[in-house]
Amino acid sequence: MDSGTLILIAAGCGILCIVLFVIGTVLNALGIVFELIGGLVEFAVNLFNFGPVPGCGCVVLAGAIAMCVVTALAVNSVLQTCGTPQQVNFCQLFGY
């Protein structure tokens with residue numbers, strides 16, 4: 001064998017080593033991402049099956065989100081009256 005062939009074989013082995021290292025790292029990172037997604041899905045399924053009746057946890061979560069939305073809309077409508085003759089005492093908390 002001549003020295004050119006040995007250099008090509010060594011370079012090929014080096015490149016193969018780097019490529020395999022990159023593939024292994026990427027697959028490990030993808031595994032972590034998919035494990036996280038799977039954990040979130042499992043949490044959602046467990047939340048849905050929480051309580052004495054399956055689906056009760058989901059209803060409670062939907063109710064909590066709805067209450068947050070209703071509260072935000074109520075605060076928004078009250079803050080729109082600030083600086084007007086219909087101003088309420090709640091506006092004083094925000095310096096009006």
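Between Thr81 and Cys91 the shortest heavy-atom distance is OG1-SG, 4.2 Å.
Rounded to the nearest 0.5 Å, atoms CG (Asn28) and CD1 (Ile32) are 4.5 Å apart. Atom CG of Leu20 and atom OG1 of Thr25 lie 10.5 Å apart (nearest 0.5 Å). One finds the CD atom of Gln86 at 12.0 Å from the CD atom of Gln80 (value rounded to the nearest 0.5 Å). Rounding to the nearest 0.5 Å gives a distance of 13.0 Å between CD1 of Ile9 and CG of Leu16.
Of the options Val75, Val69, Val70, a side-chain contact (heavy atoms from CB on, under 4.5 Å) to Leu73 is made by Val69 and by none of the others.
Ile37 and Leu30 fall within the same hydrophobic cluster, where Ile, Leu, Val, Met, Phe, Trp and Tyr residues are linked whenever their side-chain heavy atoms come under 4.5 Å apart, directly or through other members. Note on Val26 and Val33: same hydrophobic cluster, where clusters join Ile, Leu, Val, Met, Phe, Trp and Tyr whose side-chain heavy atoms are under 4.5 Å apart, directly or indirectly. Transitive grouping of hydrophobic side chains (ILVMFWY, heavy atoms separated by less than 4.5 Å) brings Val19 and Leu27 into a common cluster.
Side-chain atoms of Gln87 come within 3.5 Å of backbone N or O of Gly83 as a donor-acceptor pair.
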